[in-house]
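Here the structure is a predicted model, which means the values were calculated and not measured.
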Number of protein chains: 4
Amino acid sequence: MPVARPRSARGVAAAVPRLTHADSRAPQVLDAAAALFCRQGYEGTPVRDIARAVGMLPGSLYCHFATKEDLLVAVYLRGVERICQTVEAAVASLTDPWERLEAACVAHLEAILRDDDYARVVVRVRPADVPPAAERLVAARDRYEALWAALVDALPQKRRGDRKAMRLMLLGALNWSQNWYRPDGTQSPRSIARQFTALLRQGMESPA
Amino acid sequence: MPVARPRSARGVAAAVPRLTHADSRAPQVLDAAAALFCRQGYEGTPVRDIARAVGMLPGSLYCHFATKEDLLVAVYLRGVERICQTVEAAVASLTDPWERLEAACVAHLEAILRDDDYARVVVRVRPADVPPAAERLVAARDRYEALWAALVDALPQKRRGDRKAMRLMLLGALNWSQNWYRPDGTQSPRSIARQFTALLRQGMESPA
Amino acid sequence: MPVARPRSARGVAAAVPRLTHADSRAPQVLDAAAALFCRQGYEGTPVRDIARAVGMLPGSLYCHFATKEDLLVAVYLRGVERICQTVEAAVASLTDPWERLEAACVAHLEAILRDDDYARVVVRVRPADVPPAAERLVAARDRYEALWAALVDALPQKRRGDRKAMRLMLLGALNWSQNWYRPDGTQSPRSIARQFTALLRQGMESPA
Amino acid sequence: MPVARPRSARGVAAAVPRLTHADSRAPQVLDAAAALFCRQGYEGTPVRDIARAVGMLPGSLYCHFATKEDLLVAVYLRGVERICQTVEAAVASLTDPWERLEAACVAHLEAILRDDDYARVVVRVRPADVPPAAERLVAARDRYEALWAALVDALPQKRRGDRKAMRLMLLGALNWSQNWYRPDGTQSPRSIARQFTALLRQGMESPA
DNA sequence: AATGAATGAGACTTCATTCAT
DNA sequence: AATGAATGAAGTCTCATTCAT
């Protein structure tokens, strides 16, 4: 039974950066959530951590997002949107199918390994971990994969094969790199992307 | 659902009606934990669920494992052990390097997609989710990957390239299939494994 | 979600964007609070619901009422005032004591079961639920009960008996009807009131 | 609600009141919940208060009841059961219909005003306050009311009238007394019950 | 080996209220 | 008069773990 708090004024100077309306901190919340979700996972991140990261109390988050789940959905959808744009931008000026594919791989890896917490969440969080939102997440992810399907379908293909299998192989290999990539290692996202693309193109048996 | 008894053989039974060590239900607990961890993840599985699956109360699990983490470690280590054996057995009778690789892929996929909850846990659970045990888990996983390194290194290679990249690509693509594989789909673990291997061997540009 | 405008007509829009006092939405807030308190109770009604019902934000309510409690008190007092007037008006033109009592019962029931959210709150909300305001609420309710005491005391009484008991019985039975009355049932507030009055007048043993 | 005793007999009480299995405190929890629900209502009672009343931590309650709601349901159902028994016992040795009715009123009032916290909850808590359990509560309450219907139907009736109305009037008046009864007043549950019954039997117009 | 009760920390969320704008 | 963000306390509930029996 929460009791009315008496109306005493609250002390403290105006030095505290009390924010104006225009300064909605929802974007900051989103950023913090993305940063934590991609590092600790969804279940592994208490809302309190997100709140602390932006200097709020846990309850204050609910001014901006109705539930923790909504927060994840917002991050995820934005992640899909961003990586779609990133990849599309990366291939926009190219015409050769293999060049386009390689550029997409580079962009994808740079995003999910280094640059874009939102995109990282898309790869890190399993939709099935958040059952009530799973459908929407999967739908979004599918949009992104459609983009890859187009890239793959554009490749010249000298031999019979399942393009779908190829897409699954490539994207799986790229995504899984989140599990082993270390930023301080010898490989860069770009170099990994190139190697994977080359392998896929020529195979190990091709002559130099 | 008794599974192969864990490593060490153990002492004799007492005369008292106490259950002998051989009757220990630890293996059942381990099975249940593997089944749940690989489906719901480590954090997503309450010990209560594991207990219920074997008809015990939560507290009773602690007769067999000191902590939930220990339980995970036990499952994980056994998972590595089993998939090592599975893959080794699959390639044992083969000599051709590519045949060996393909057989390994088939065995790996059948294990992590269908047959072996322990192995599935190895692919599903991130060591980083369980910080205090992470090192041991990674060490075990590395043992398994060494096996793949050997398989890959044995391949004849006509062109320069990073064999490590190839291993990471292949294994990543295989493991990631846990995220999209559906048992009721048109593809079987075996057919996926074959496609991936062929792609890696010949690339998309090779002529038929 | 504009609510029926309260009694007074409203002047024309001023040139100045500031609203005049006549424009105050306090009455609408009061109406919404009455509607919600009588349906969901005091504790069961978040201020947010009240705000939403009048198209405001929760904080904006505090321009009109210092606390949620004040809001309840305002509703409650007005409820007492209104049901007093309603009942008084209903008996004003009658002189026969039993006719007056019956008319009062009809008016009371129509108010608390159907017509008057404010009056309903008086019956629904327990003063003890709002300790700091309890005294004022009870005092108001007592004013209303005094009215009933007068109606009952005016009855001719052939036998000894406790008029207070009679009042408590009748009013209790009427008020409790909030717990079982269904608007779509076969009984109307009026028919219930008549039956209760008749029973009280003649008892079950009286001959027809 | 005694729980099955576990195998071993129990030693003497230790100084520390550590309880044995046989001492399940579920009944104490239920008692405490009944005591608090009937005084503060369901929503007005935090589980923490119930826990403190039995010297537990809030979380510990969930060993015995899955949710706060389940706790209420358990209290409520038991309340119905008890007041049914109380009233049935009170009328068992009587044959005269009016004597039986009066005895029932006395028993009912003594229970809901003084003796039986469980029964008080049945009168105090509105099923509609607990939507997911409302149906079960109403069903239980209906069982009790059926008992009253039988008592009322057994009355000799000299004039036409709605027995249902009579039951609703009487029970409503009795139940509402929870809102005004004060244990330190001049009236006892018994005296109230007698007055109400007499009024209902003879009405105010009957001669002495 | 297993039980059943209890713990204590921490999870997400709600809510009346405040306040600069 | 109203907004929108934030507060801080409190709410119900979960969960790994402990321990006497």
Side-chain angles (χ1 to χ4, degrees), chain A residues 1-10 14 18-26 43 46-48 51 55-64 66-69, chain B residues 18-21 23-26 43 45-49 51 55-64 66-69 71, chain C residues 17-21 23-26 43 45-49 51 55-64 66-69 71, chain D residues 3-4 6-11 14 16 18-26 43 45-48 51 55-69:
Chain A
M1 217 171 314
V3 170
R5 192 151 4 93
R7 43 212 112 168
S8 65
R10 204 143 48 79
R18 258 247 166 220
L19 299 173
T20 65
H21 293 165
D23 290 327
S24 170
R25 289 158 74 191
E43 299 204 330
V47 292
R48 183 198 308 134
M56 280 181 181
L57 293 174
S60 304
L61 293 182
Y62 292 80
C63 295
H64 305 287
T67 65
K68 185 188 178 189
E69 207 171 280
Chain B
R18 296 230 168 203
L19 296 178
T20 66
H21 285 147
D23 293 276
S24 166
R25 291 162 70 191
E43 299 204 331
T45 303
V47 293
R48 183 200 310 137
D49 284 8
M56 281 180 181
L57 293 174
S60 307
L61 292 184
Y62 291 81
C63 297
H64 304 285
T67 65
K68 185 187 178 189
E69 210 170 276
L71 195 44
Chain C
R18 293 233 166 200
L19 297 177
T20 67
H21 282 143
D23 294 276
S24 167
R25 291 163 70 192
E43 300 204 331
T45 303
V47 294
R48 183 201 310 137
D49 284 8
M56 281 179 180
L57 292 174
S60 307
L61 293 184
Y62 291 81
C63 297
H64 304 286
T67 66
K68 185 187 178 189
E69 211 170 275
L71 196 43
Chain D
V3 170
R7 50 233 133 123
S8 66
R10 179 153 66 93
V16 200
R18 257 259 168 209
L19 299 172
T20 65
H21 292 165
D23 290 329
S24 170
R25 288 159 74 191
E43 300 203 330
T45 304
V47 292
R48 182 195 311 130
M56 280 180 180
L57 293 174
S60 304
L61 292 182
Y62 292 81
C63 295
H64 305 287
F65 299 92
T67 65
K68 185 188 176 189
E69 207 171 278

Side-chain atoms of B/M56 come closest, of E/dT18, E/dA2, E/dT13, to E/dA2
Among E/dT14, E/dT3, E/dT17, which nucleotide sits nearest the side chain of B/L57?
-> E/dT3
Provide, to the nearest angstrom, the distance between the CG atom belonging to C/L61 and the C1' atom belonging to F/dA2.
-> 10 Å
Over how many whole Å does the gap from A/Y62 atom OH to E/dC12 atom P extend?
-> 6 Å
Please answer whether the main-chain N or O of C/P46 pairs with a side-chain N or O of C/K68 as donor and acceptor at a distance below 3.5 Å.
-> no
Residue mapping more 5' on DNA chain F - nearest nucleotide basis, A/G55 or D/K68 = A/G55
When you measure from the side chain of B/C63, which nucleotide among E/dA6, E/dT14, E/dT3 comes out closest?
-> E/dT3
Under 4.0 Å between a side-chain N or O of A/H64 and OP1 or OP2 of F/dA6?
-> yes
Is DNA chain E part of any stem, that is, at least 3 consecutive Watson-Crick or G-U pairs with both distances under 3.5 Å, and where?
-> E:2-21 with F:2-21
Any idea which of E/dT17, E/dC15, F/dT14 is nearest the C/R48 side chain?
-> E/dC15
Among F/dC13, E/dA16, E/dT14, the nucleotide that comes nearest once only the side chain of D/P58 is considered = F/dC13
Using a cut-off of 4.0 Å on non-hydrogen atoms, how would the nucleic acid contact of B/V47 be classed: base, sugar-phosphate, or nothing?
-> base
Is any side-chain nitrogen or oxygen of D/R25 closer than 4.0 Å to OP1 or OP2 of E/dG4?
-> no
Can a side chain N or O of A/S60 be found less than 4.0 Å away from OP1 or OP2 on F/dA5?
-> no
Which is it for A/S24 and A/H64 under the side-chain contact (heavy atoms from CB on, under 4.5 Å) test, yes or no, and what are the steps along the way?
-> CA-CA 9 Å; A/S24 170; A/H64 305 287; 3.8 Å; yes
Assert: residue with more 5' nearest nucleotide on DNA chain E, out of A/A66 and A/P46, is A/P46
With sequence neighbours left out, write down each residue that passes side chain to side chain contact (heavy atoms under 4.5 Å, CB included) with A/E69, or none if nothing qualifies.
-> A/Y42, A/T67, A/V130, A/P132, A/A133
Give the minimum heavy-atom separation between B/V47 and B/L61, together with the two atoms involved.
-> O-CD1, 3.6 Å
Could you grab the distance from atom CE of A/M56 to atom SG of A/C63, nearest 0.5 Å is fine?
-> 7.0 Å
